[in-house]
Amino acid sequence: MTALKIYDTYKRETLSFEPHKAPFVGIYVCGPTVYGFPHLGHARGPVVFDVLHRYLRHLGFKVRFVRNITDVGHLVNDADAGEDKIAKKAKLEQLEPMEIAQFYTDSYHQMLNSMNVLPASIEPRASGHIIEQIEMIQEIISNGFAYEVNGSVYFDVLSYSKQHDYGKLSGRIIEDLIAGAGNDARVLEGQDEKRNSNDFALWKKAGEEHIMQWNSPWGKGFPGWHIECSAMSKKYLGETFDIHGGGMDLLFPHHESEIAQSIACGGQQPAKYWMHHNMITVNGQKMAKSLNNGISIDEFFSGNNVLLEKAYSPMTLKFFILQAHYRGTLDFSNAALQASEKGLNRLLAASETLYKINPSANNEVDVDKLVEKCYDAINEDLNTPILIANLFEMVTTINNIAAGNIKIGTNELEILRKNYNSFVFDILGLKLEQEVNSDKIDGLMHMLIKMRNEAKIQKNYSVSDQIRNELSSLGIELKDGKDGTSYTLN
RNA sequence: GGUCGGAUGGCCGAGUGGCUAGGCACGGGUCUGCAAAACCCUCUACAGCGGUUCGAAUCCGCUUCCGACCUCCA
């Protein structure tokens with residue numbers, strides 16, 4: 001029993017987090033399909049679940065964090081007659097499929113790295129677990145919940161739903177799914193193979209020209225999308241583990257099907273808690289290629305996109321994401337990002353101020369209360385916006401101590417330092433981004449600052465202003481503070 | 001069409017039957033040769049119309065508008 005509460009999408013309520021086998025915690029998060037550069041939206045899940053990961057570690061749990069890489073089997077759609085996203089891209093660029101997967105996996109890792117996201121304990125690839133997936137499919141067939149047609153295997157949603165509840169996670173009713181199927185815009189090929197249009201592929205037959213294919217009991221082919229997560233989570237975390245995370249857009253059909261596959265294997269609902277984060281929107285709409293409102297991570301960090309007024313740093317993006325609760329949509333705008341950038345700087349500056357202030361004999365700060373409010377916030381379904389609001393309350397306190405407006409005792413200062421840094425750096429995973437300047441540049445700058453100060457003392461303001469202005473045009477800002485002049489490089 | 005979720009001050013974004021969200025911007029101030037930066041203080045909003053209640057932004061109903069999902073999706 002912990003103080004942490006988590007909203008479970010499956011039960012649709014906020015529950016106390018109790019691990020199956022404390023102190024161990026198993027987490028499975030759906031990772032990306034590596035067929036393109038990550039975009040802004042791809043950053044949210046990793047950041048959200050990184051806080052979960054970090055906080056559970058902070059609480060002393062031994063966390064096994066599994067995040068998969070989907071490098072095969074994710075169909076563009078059935079109409080492509082079995083061509084998957086990776087293979088399609090590969091043909092286009094005349095590269096090995098694995099070359100594509102590796103390339104985009106690397107770019108994904110680069111994003112995670114720059115955003116200071118802890119590495120996963122295990123990062124399994126779907127293509128490396130074909131055997132496990134085949135075994136699982138065989139088990140589902142022998143339990144009577146899947147059938148083979150012409151070299152492909154489909155999950156029999158209808159027969160499954162007679163015994164189990166298909167649609168519970170995503171709030172769907174099987175009768176509606178069946179009744180509503182196919183009456184709308186989408187007409188999919190290959191549907192005639194299926195007993196029911198809601199049946200989903202576990203294994204797809206591959207044509208001769210298909211470059212990613214494996215031998216199986218049903219001939220050459222490749223696995224369907226949903227089975228990889230079931231097979232890999234089972235392999236590394238067991239039939240039942242603690243938390244399964246992902247984006248809300250994966251609720252149906254992906255997670256719904258994962259549950260069905262696990263239960264159809266004679267197992268049970270795989271995850272004790274299902275956590276889903278919401279989407280990042282642009283002008284209130286989800287980022288989508290068709291809307292042409294996508295911003296890639298590279299563009300975001302370089303500012304090279306018409307939607308961007310400037311470049312934003314990885315930490316600014318991380319902080320922007322953390323300033324909203326993970327279950328709400330988060331709308332992108334330049335004004336919002338710039339607000340986050342300034343707020344983040346204030347938050348990080350306070351961690352340095354914390355080491356410059358001195359304790360007093362008497363104390364006027366209720367540190368315990370401030371810390372308690374931070375824990376209350378994160379325990380409440382990872383409410384990072386409230387946590388950050390409380391941290392800003394600490395910032396004001398810290399700055400007021402530094403300004404001599406209020407006093408803090410020795411013990412209280414120690415507690416404040418320890419907890420402030422723990423929340424900002426260890427739990428939220430923020431970090432200072434300032435480049436460490438070389439000794440030579442630093443020495444040069446101190447020389448210039450000294451010369452300028454001498455000019456100022458002689459009231460030779462034309463010289464002092466010239467130094468300041470010329471440095472400014474080079475992107476170096478001088479800041480005259482109480483304790484002398486400092487500088488920042490842009 | 002079906003299912004679900006929203007509408008909060010200039011912007012972003014929490015929360016919730018009575019008690020300060022927070023950040024950014026604006027305004028005032030400290031510092032300063034000037035400026036910038038930094039810091040302090042200030043700023044009281046909950047789509048519309050009804051209803052329940054001693055009291056509602058928070059509960060209920062209706063209306064308007066917006067979004068997500070419905071086998072590409074983080």
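All values below were derived from every heavy atom in this structure, side-chain atoms included, with hydrogens, water molecules and symmetry-related copies excluded. Residue numbers begin at 1 in each chain, while the letters A, B, ... track the order of the sequences.
In terms of phosphate contacts, A:Arg346 brings a side-chain nitrogen or oxygen within less than 4.0 Å of OP1 or OP2 of B:G23. For the pair A:Asn383 and B:A14, the criterion of a side-chain N or O lying under 4.0 Å from OP1 or OP2 is not met. In this model, the phosphate group of B:A68 is not approached by any side-chain N or O of A:Asn278 to a distance below 4.0 Å at OP1 or OP2. The shortest distance between the side-chain N/O atoms of A:Lys342 and the OP1/OP2 oxygens of B:A25 is below 4.0 Å.
Side-chain atoms of A:Ser333 lie closest to B:C12 of the nucleotides B:C70, B:C12, B:G33. Which of B:C39, B:C70, B:A37 sits closest to the side chain of A:Ala403 comes down to B:C39. For A:Asn400, counting side-chain heavy atoms from C-beta on, the closest listed nucleotide (B:G33, B:A74, B:C41) is B:C41. Considering only side-chain atoms of A:Phe320, the nucleotide from B:C12, B:A74, B:C70 that sits closest is B:C12. Distance from the side chain of A:Arg172 is smallest to B:C69 among B:G33, B:C69, B:A74.
Base pairing of B:C65: its partner is B:G6, meeting the Watson-Crick or G-U wobble criterion (both donor-acceptor distances under 3.5 Å). Nucleotide B:A38 is matched to B:U30 when pairs are restricted to Watson-Crick or G-U wobble geometry with both distances under 3.5 angstrom. Pair check for B:G50 finds B:C60; Watson-Crick or G-U wobble, both atom distances under 3.5 Å. Remark: B:G55 base-pairs with no nucleotide; criterion is Watson-Crick or G-U wobble with both hydrogen-bond distances under 3.5 Å. Remark: B:U20 base-pairs with no nucleotide in the shown strands. Criterion, Watson-Crick or G-U wobble with two distances under 3.5 Å.
A:His39 comes within 4.0 angstrom of a base, heavy atoms only. Across all strands shown, A:Thr396 has heavy atoms under 4.0 Å from sugar-phosphate atoms exclusively, and none from any base. Looking at heavy-atom distances under 4.0 Å, A:Ala336 makes contact with sugar-phosphate atoms alone, never a base. No engagement by A:Met248 is indicated, since no non-hydrogen atom pair under 4.0 Å with the nucleic acid exists. In this structure, A:Leu250 reaches the sugar-phosphate backbone alone: every heavy-atom distance under 4.0 Å involves primed, P, OP1 or OP2 atoms, never a base. In this structure, A:Gly45 reaches neither bases nor backbone, as no heavy-atom distance under 4.0 Å exists between it and the strands shown. Using a 4.0 Å heavy-atom criterion, one finds that A:Gly171 contacts the sugar-phosphate atoms exclusively. Using a 4.0 Å heavy-atom cutoff across all strands shown, A:Leu330 reaches sugar-phosphate atoms only and no base atom.
A ring-centre distance under 6.0 Å is found for A:Phe37 and A:Tyr104. The aromatic ring centres of A:Phe155 and A:Tyr160 sit less than 6.0 Å apart. Checked against the 6.0 Å centroid threshold, A:Tyr312 and A:Phe301 do not count as a close aromatic pair. For A:His255 and A:His226, the ring centers are positioned 6.0 Å apart or more.
B:G22 atom P lies 11 Å from atom CD1 of A:Ile386, rounded to whole Å. The separation between A:Lys286 atom NZ and B:C70 atom C1' is 12 Å, rounded to whole Å. One can place OH of A:Tyr326 at 18 Å from P of B:G13, the figure rounded to the nearest angstrom. B:U32 atom P lies 17 Å from atom CG of A:Asp465, rounded to whole Å. Rounded to whole Å, the distance from CE on A:Met394 to P on B:C40 is 15 Å. Distance A:Asn345 CG to B:G22 P: 20 Å, rounded to the nearest Å. With rounding to whole Å, A:His276 atom NE2 is found 17 Å from B:C4 atom P. When the P atom of B:G13 is taken as reference, atom CZ of A:Arg327 falls 16 Å away, rounded to whole Å.
Nucleotides B:G55 and B:G51 are separated by 12 Å at their P atoms, to the nearest Å. The separation of B:C40 from B:A25, taken at their P atoms, amounts to 13 Å, rounded to a whole angstrom. Rounded to the nearest Å, the gap between the C1' atom of B:U64 and that of B:G50 is 15 Å. Look at the C1' atom in both B:C46 and B:U58: the space between them is 9 Å, to the nearest Å. To the nearest whole angstrom, the two P atoms, one in B:A47 and one in B:A21, are 15 Å apart. Using C1' as the reference atom, B:C43 and B:G6 are 27 Å apart when rounded to the nearest Å. Annotation: B:C12 and B:C26 have their C1' atoms spaced 16 Å apart (nearest Å). With both ends at atom P, the span from B:G61 to B:G5 equals 12 Å, rounded to whole Å.
No side-chain heavy atom of A:Met136 sits under 4.5 Å from any side-chain heavy atom of A:Leu202. In this structure, the side chains of A:Asp199 and A:Arg195 come closer than 4.5 Å at one or more pairs of heavy atoms.
Between A:Lys5 and A:Glu380 there is a salt bridge, with a side-chain nitrogen of the basic residue lying less than 4.0 Å from a carboxylate oxygen of the acidic one.
In the interface, the side chain of A:Asp331 is not paired with the base of B:G6 through any donor and acceptor atom under 3.5 Å apart. Between the side chain of A:Asp480 and the base of B:A35 there is at least one donor-acceptor pair of N/O atoms closer than 3.5 Å. A donor-acceptor contact under 3.5 Å is not formed by the side chain of A:Arg12 with the base of B:C4.
Interatomic distance, OG1 of A:Thr329 versus NE2 of A:His277, reported as 12.0 Å (0.5 Å rounding).
In this structure, A:Gln323 and A:Glu393 both approach RNA chain B, and ranking their closest nucleotides by distance from the 5' end singles out A:Gln323. Both A:Asn405 and A:Asn390 sit near RNA chain B, but only A:Asn390 has its closest nucleotide nearer the 5' end.
By the 5.5 angstrom centroid cut-off and the 30-degree plane limit, A:Phe392 is classified as not stacked against the base of B:G23.
Taking the ring axis of A:Tyr10 as reference, the NZ or CZ atom of A:Lys168 stays within 45° of it and closer than 6.0 Å to the ring centre.
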